[in-house]
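Naming convention: chains lettered A, B, ... in sequence-line order (proteins, then strands); numbering from 1 in each chain. Since the model is a prediction, treat every value here as computed from it, not as a measurement.
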Protein chains: 2
Amino acid sequence: MGITKTEIFTEQQNEIATFAKAFGHPARVAILQHLFKINTCICGDLVEEIGLAQPTISQHLKELKNLGLIKGSIEGTSICYCIDTEKWLQMKKVMSQFLDQDILNETCC
Amino acid sequence: MGITKTEIFTEQQNEIATFAKAFGHPARVAILQHLFKINTCICGDLVEEIGLAQPTISQHLKELKNLGLIKGSIEGTSICYCIDTEKWLQMKKVMSQFLDQDILNETCC
DNA sequence: ATTATTCATCGTAATATTGCAATGAACTTA
DNA sequence: TAAGTTCATTGCAATATTACGATGAATAAT
């Protein structure tokens with residue numbers, strides 16, 4: 001039904017999925033990569049840099065901001081976005097727990 | 001339009017997004033975690049273990065299989081799934097490149 | 001052969017996501 | 001004040017995703 005049954009999963013599983021979903025669109029990957037590269041914040045160049053319409057970029061930024069991965073501060077008429085370092089590290093910890101699971105070599109297939 | 005403009009992104013960005021999308025649903029996270037835990041394959045216990053209908057689990061398995069993260073081999077009347085170790089390591093490398101970006105402390109906000 | 005088991009596939013309904021044009025809010029500059 | 005800049009929000013159309021009942025295919029057991 002297009003709706004995810006979050007209530008049947010653990011908090012950890014839902015958290016992993018939520019972070020992963022944020023990275024599940026190349027535009028958001030590109031935004032984050034650009035924020036890392038330019039580092040000292042940026043503003044509307046993302047629209048030019050990425051090539052999607054301004055409302056679309058704004059929407060992706062909103063999702064990342066809601067998750068807490070980026071912060072934005074008003075800078076006159078423009079807005080200055082940057083990675084939220086603390087949250088990023090917290091996210092990495094959560095994702096690592098999932099990605100770094102031990103692989104035993106007794107696979108069957 | 002519900003459709004992602006993959007053509008305007010780099011191959012790497014699309015690859016990251018594709019892997020991340022696979023982890024963007026708690027059911028698929030749970031499936032992978034269970035496959036790691038049980039290790040030597042499993043079959044239909046996933047349905048019982050997770051609590052979604054059999055066609056739903058089957059659909060999630062298909063997505064993971066299409067991505068190559070899991071393999072399945074017929075075992076009589078049941079099917080034996082397991083992590084594709086090589087692909088999993090390859091995925092980890094791709095995701096690490098993205099997640100382990102250097103954080104400079106000259107953030108603006 | 002018939003029945004049971006296990007899993008995939010099909011079809012469908014409900015909801016979510018992606019994308020953009022139009023518009024609005026807030027500030028800057030002329 | 002008026003016009004320009006920058007970004008958010010609204011509203012909408014198109015497509016994607018999630019979930020499941022019904023059904024089908026393949027093998028196993030009786």
Exercise. When you check the phosphate oxygens OP1 and OP2 of C/dT17, does a side-chain N or O of A/His60 lie under 4.0 Å from one of them?
Worked result: no
Problem set entry | Distance, rounded to the nearest Å, where A/Glu75 contributes CD and D/dA8 contributes P | 14 Å
Exercise. What is the ring orientation for A/His25 with A/His60, classed by angle as parallel under 30°, tilted 30 to 60°, or perpendicular over 60°?
Worked result: tilted
Problem set entry | Heavy-atom side-chain proximity of B/Leu99 to A/Met91 below 4.5 angstrom | yes
For this session: Measure from CG on A/Asn66 to C1' on D/dA8 and round the result to the nearest Å.
Result: 13 Å
For this session: List for me each residue that meets side-chain contact (heavy atoms from CB on, under 4.5 Å) alongside B/Lys62, sequence neighbours excluded, and say none if there are none.
Result: B/Asn66
Write out a two-atom table: protein N or O, nucleotide N or O from nucleotides 2-8 of chain C, distance below 3.5 Å.
unit_1, atom_1, unit_2, atom_2, d
C/dT5, O2, B/Thr77, OG1, 3.3
C/dT6, O4', B/Thr77, OG1, 2.9
C/dC7, OP1, B/Gly44, N, 3.1
C/dC7, OP1, B/Ile79, N, 3.4
C/dC7, OP2, B/Gly44, N, 3.2
C/dA8, OP1, B/Tyr81, OH, 2.1
C/dA8, OP2, B/Ser58, OG, 2.4
C/dA8, O5', B/Ser58, OG, 3.4
C/dA8, N7, B/Gln54, NE2, 2.8
C/dA8, N6, B/Gln54, OE1, 3.1

Problem set entry | Side-chain donor-acceptor pair present, A/Glu75, A/Ser78, cut-off under 3.5 Å | no
Exercise. Are OP1 or OP2 of D/dC7 and a side-chain N or O of A/Lys62 less than 4.0 angstrom apart?
Worked result: no
Problem set entry | Side-chain (B/Arg28) to main-chain (B/Lys21) donor-acceptor, under 3.5 angstrom | yes
Exercise. Is B/Lys92 paired with A/Asp100 through a side-chain N to carboxylate O contact shorter than 4.0 Å?
Worked result: yes
Seminar exercise, completed: Note: for A/Phe9 and B/Ile74 on DNA chain D, the residue whose nearest nucleotide lies more 5' is A/Phe9
Problem set entry | Residue pair A/Val29 / B/Ile16: nearest heavy atoms and the distance that separates them | CG2-CG2, 3.8 Å
For this session: Grab the CG-P distance between B/Leu67 and D/dT17 for me, whole Å please.
Result: 12 Å
Problem set entry | Length of the line joining A/Ile3:CD1 and D/dA16:C1', which is rounded to integer Å | 16 Å
Exercise. A/Glu48 CD to D/dC7 C1': how many Å, rounded?
Worked result: 15 Å
Exercise. Taking only side-chain nitrogens and oxygens of B/Thr56, does any of them come within less than 4.0 Å of OP1 or OP2 of D/dC20?
Worked result: yes
For this session: Could you walk me through whether B/Phe19 and B/Phe98 pass the side chain to side chain contact (heavy atoms under 4.5 Å, CB included) test, one step at a time?
Result: CA-CA 12 Å; B/Phe19 281 129; B/Phe98 173 64; over 6 Å; no
Problem set entry | Strand-adjacent residues in residues 13-30 of chain A, judged by heavy atoms under 4.0 Å from DNA chain C | A/Lys21, A/His25, A/Arg28
For this session: Taking the side chain as every heavy atom from C-beta outward, state whether B/Glu49 and B/Ile38 have any pair of such atoms under 4.5 Å apart.
Result: no
Exercise. Which residue, A/Gly76 or B/Thr6, contacts DNA chain C at a nucleotide closer to its 5' end, judged by nearest heavy atom?
Worked result: B/Thr6
